[in-house]
Amino acid sequence: METIIDAHNISKIYNKESIPVYAINQVHLHIEKGEFTALVGPSGSGKTTLLNLIGGLDRADEGSISINGEEITQMSSGDLIDFRLKNIGFVFQSYNLIPVLTAKENVEFIMQLQGINEKDRIERVKLLFKQIGLEDKMDYRPSQLSGGQQQRVAVARALASRPQFVLADEPTANLDSASANNLLDIMWKLNQEEHITFIFSTHDQRVIDRAKRVITLVDGRIVSDTNQVPINH
Amino acid sequence: MWLLSLAWKNLWRNRSRTLITMASIFFAVLLSTLMSSLKTGIFDNLVDNMVGYYSGYIQIHQKGYWDEQLLDNSQEQNPILEQKMLKIPQIKGFTSRLESFALASSGDLTKGCLVQGVDPNRENIITNLKAKIVSGSYFQQGESGLILTEGLLRRMKMKVGDTLMLLGQGYHGATAAGKYPIVGVVHFGSPEINNSVLYMPLESAQELFGAYGMVTSYILQLENRRNIDDVKKEVLKISDSNLEVMTWEEMMPDIKQHIEVDSANMMYVQIFLYVLISFGIFGTLLIMMAERKYEFGMLLAIGMRKSKISILLLMESILNVFVACLLGLLASIPVVYYFHVHPIRITGSTAKAYEQFGFEPIFPTSTDSRNFLIQAFIVLCIGLVLSLYPMFQISKSNPVDSMKR
Ligand SMILES: Nc1ncnc2c1ncn2[C@@H]1O[C@H](COP(=O)(O)OP(=O)(O)OP(=O)(O)O)[C@@H](O)[C@H]1O
Ligand SMILES: [Mg+2]
């Protein structure tokens with residue numbers, strides 16, 4: 001298998017001056033291509049922090065993180081932005097989209113940042129909207145889409161740049177269970193058919209059940225890391 | 001291009017905010033243009049009244065004449081100097097005058113007056129005297145009549161065709177006396193001039209005062225008054241050492257000072273206006289940045305460089321400020337023209353002061369295009385300088401903090 005994330009002994013410490021809080025405490029994490037991994041744990045356990053660290057949004061205070069063999073902990077913040085654009089897709093809990101752009105333009109946007117030509121962009125946008133099942137809503141503004149539809153567009157946007165992996169911090173937290181299911185269906189299909197690597201955090205047991213691997217965090221430490229047979233139809 | 005289109009869309013995401021910003025910039029440009037046009041207009045009006053149509057921008061006298069304005073301080077007509085002056089391109093033209101006080105009398109009425117011996121043709125070219133005729137006619141060739149100012153004519157209770165007697169002291173103690181028919185009447189905006197001046201052909205005046213071949217001053221008109229100091233230098237170079245060259249500002253320091261005080265007052269109002277709109281624009285920028293903080297964090301997270309976000313923000317500001325400035329500039333044109341054609345007529349103590357100085361009490365606007373462009377440019381710069389603030393905010397932001405809710 002192909003390793004895409006290799007985090008070694010990473011820690012994130014807040015309040016270093018007074019009483020230090022280890023949001024992430026000496027964590028080792030190894031992610032391979034094609035994973036469909038859930039990051040779970042109680043509130044405040046460090047899920048968001050860990051995702052931010054491996055996504056290059058935040059800097060670790062200790063340890064090293066290599067993505068696709070490239071060490072990101074020493075990168076300048078400018079290089080890190082470019083690195084994220086090239087290698088990592090992000091889906092956030094909500095407000096993923098630029099409100100003044102249509103769904104299609106939002107997906108195209110990231111490819112424009114990458115400097116991809118119009119013809120390729122249009123082709124890719126079509127394919128992605130087909131995959132998320134929103135071909136008929138391409139020209140809608142985010143405000144005209146439901147929360148679930150917005151999250152699907154966010155998934156398309158994350159994939160548009162052909163990243164190494166997609167990080168999703170509680171992507172279903174604001175969705176009803178039908179929409180959450182639908183989003184997971186799409187992610188699962190992309191994982192199965194396109195071998196897209198997904199790492200997502202969640203509180204929702206039904207979402208946890210759909211992962212192939214479940215990593216549990218408590219107080220900034222990994223307390224369990226298990227593979228399971230996902231319940232995906 | 002796609003960034004520009006995004007900037008344009010962002011501009012209209014909060015229609016009322018954008019409109020408020022644009023309106024404040026629009027009115028700032030309009031008001032400050034109106035004010036500076038008024039400032040220049042008042043200035044021009046004063047200068048035109050007093051300087052352009054009467055004293056000229058530059059005068060050349062015998063040294064000492066200005067301090068003691070006597071015929072005995074007059075100079076000889078100087079054809080060589082005249083030749084040289086014609087060669088200076090910034091000089092539009094010149095004329096010479098022989099000027100002295102005399103008593104005008106008719107019947108038992110006697111009034112002091114200022115006799116201006118003028119070259120009929122040149123005087124008209126330089127100060128447009130013929131256009132000021134309100135009754136009678138301008139000087140005819142070879143005729144030795146008088147043209148009186150309206151106020152003087154009234155004070156003398158005379159009319160065109162009557163004969164006026166002039167008495168006074170001539171050159172080197174000679175007695176001056178003569179009788180002349182009144183051929184025309186002129187009107188001056190400046191009450192001081194309008195009540196005391198009378199014109200006669202230069203040769204008649206020289207004869208009256210026994211000052212043959214003499215003039216008291218050369219009066220120079222310029223192509224563009226703004227390079228007056230350069231012209232003065234040129235004229236100094238060509239004139240003999242017994243002559244003095246004076247600009248209108250040196251001849252009438254009171255007026256100059258009055259204009260400066262007025263300009264300074266106007267400037268404070270303008271600065272106040274600039275500060276006001278600066279706060280207005282800054283306030284909307286602050287709100288805008290707070291509202292879009294999360295979004296900028298998200299853009300940073302997905303890989304949009306800070307420089308690109310800054311360019312986006314700069315484009316938004318430029319579009320906003322530039323469009324508003326342009327509209328303000330366009331709107332100010334008819335407004336300024338209106339007040340040019342229908343000048344504000346002032347009353348009260350300012351009006352009195354103006355009349356004392358000898359000016360018509362009106363505030364016309366200037367239509368000098370520089371006023372429009374400079375004001376629009378200043379406001380544009382203010383807008384652009386303020387738009388550095390969002391860019392600065394972006395430069396020190398990071399995605400994690402920005403996306404914290
Ligand atoms: N900026 C910060 N300053 C101080 N402490 C912080 C900061 N950000 C996070 N923390 C702390 O780090 C720990 C981990 O937070 P994190 O947000 O990663 O938890 P989480 O697992 O994502 O929680 P949730 O399920 O509520 O989203 C928490 O104890 C939190 O209080
Ligand atoms: Mg979290």
Side-chain angles (χ1 to χ4, degrees), chain A residues 12 14 23 48-49 51-53 55-59 76-102 105-118 121 141-143 154 157-161 163 166-167 169 173-174, chain B residues 1-19 21 284 287-317 319-320 390-405:
Chain A
K12 179 75 190 176
Y14 289 110
T48 299
T49 307
L51 286 174
N52 286 345
L53 292 177
L57 295 175
D58 210 350
R59 287 186 185 280
S76 74
S77 52
D79 288 345
L80 212 47
I81 294 175
D82 289 346
F83 186 85
R84 292 199 295 266
L85 176 64
K86 234 173 89 188
N87 297 288
I88 310 173
F90 290 94
V91 177
F92 303 104
Q93 192 173 321
S94 54
Y95 301 106
N96 275 285
L97 306 176
I98 301 168
V100 296
L101 297 182
T102 62
E105 287 167 343
N106 263 286
V107 175
E108 238 189 310
F109 179 78
I110 199 147
M111 292 187 276
Q112 283 167 324
L113 288 180
Q114 287 181 316
I116 291 168
N117 70 50
E118 194 178 355
R121 288 202 309 261
R141 292 279 175 90
S143 58
R157 200 258 322 265
L159 291 176
S161 58
V166 175
L167 296 179
D169 191 8
N174 289 352
Chain B
M1 197 56 219
W2 58 275
L3 209 56
L4 190 65
S5 114
L6 178 58
W8 181 253
K9 287 172 183 164
N10 275 331
L11 200 56
W12 297 107
R13 65 196 294 161
N14 190 329
R15 207 172 284 264
S16 54
R17 183 173 57 215
T18 302
L19 288 177
T21 314
T284 55
I287 296 167
M288 185 270 284
M289 287 306 283
E291 275 178 15
R292 288 167 71 186
K293 189 175 176 203
Y294 177 90
E295 185 179 320
F296 290 129
M298 189 269 290
L299 291 174
L300 270 178
I302 66 171
M304 187 169 187
R305 284 191 201 173
K306 288 180 174 179
S307 56
K308 266 223 165 84
I309 299 178
S310 296
I311 292 171
L312 178 70
L313 281 166
L314 187 65
M315 283 175 169
E316 289 176 22
S317 294
L319 284 174
N320 195 344
M391 290 165 71
F392 168 71
Q393 286 286 300
I394 290 296
S395 76
K396 58 178 191 122
S397 68
N398 74 67
V400 174
D401 290 337
S402 300
M403 291 176 74
K404 209 160 254 151
R405 306 204 135 231

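Below, chains carry the letters A, B, ... as their sequence lines are ordered, and counting in each starts from 1.
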(message) For chain B, which candidate among Gly89(A), Pro99(A), Ser77(A), Gly55(A) shows the most heavy-atom pairs at distances under 4.5 Å?
(response) Pro99(A)
Side chain, backbone, both or neither: which part of [X] has an atom under 4.5 Å from a heavy atom of chain B?
X	answer
Gln114(A)	neither
Asp58(A)	both
Ile110(A)	side chain
Leu101(A)	side chain

Count the heavy atoms belonging to other residues, nucleotides or ligands that lie under 6.0 Å from [atom1] of [X], then report whether that count exceeds 12.
X	atom1	result
Phe392(B)	CZ	no
Glu291(B)	CD	yes
Tyr95(A)	OH	no

(message) For Arg13(B), is there an ion pair with Glu316(B) - N to carboxylate O distance below 4.0 angstrom?
(response)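 Result for this pair is no, no salt bridge flagged.
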(request) Go through the atoms of Asn10(B) and report whether side chain, backbone, both or neither lie under 4.5 Å from a heavy atom of chain A. (result)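 Backbone plus side chain of Asn10(B), per the 4.5 Å heavy-atom cut-off to chain A.
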(message) The test is side chain to side chain contact (heavy atoms under 4.5 Å, CB included); show your working for Ile98(A) and Lys9(B) and say whether it passes.
(response) CA-CA 11 Å; Ile98(A) 301 168; Lys9(B) 287 172 183 164; over 6 Å; no
[X] versus [Y]: any side-chain heavy-atom pair under 4.5 Å?
X	Y	value
Phe296(B)	Met289(B)	yes
Met391(B)	Ser395(B)	no
Leu97(A)	Phe92(A)	no

(request) Identify the heavy atoms of Val166(A) and Ala158(A) that sit nearest to each other, and give their distance. (result) CG1-CB, 4.1 Å
(request) For chain A, find its close neighbours in residues 297-307 of chain B: heavy-atom separation under 4.5 Å, sorted by number, or none. (result) Met298(B), Leu299(B), Leu300(B), Ala301(B), Ile302(B), Gly303(B), Met304(B), Arg305(B), Lys306(B)
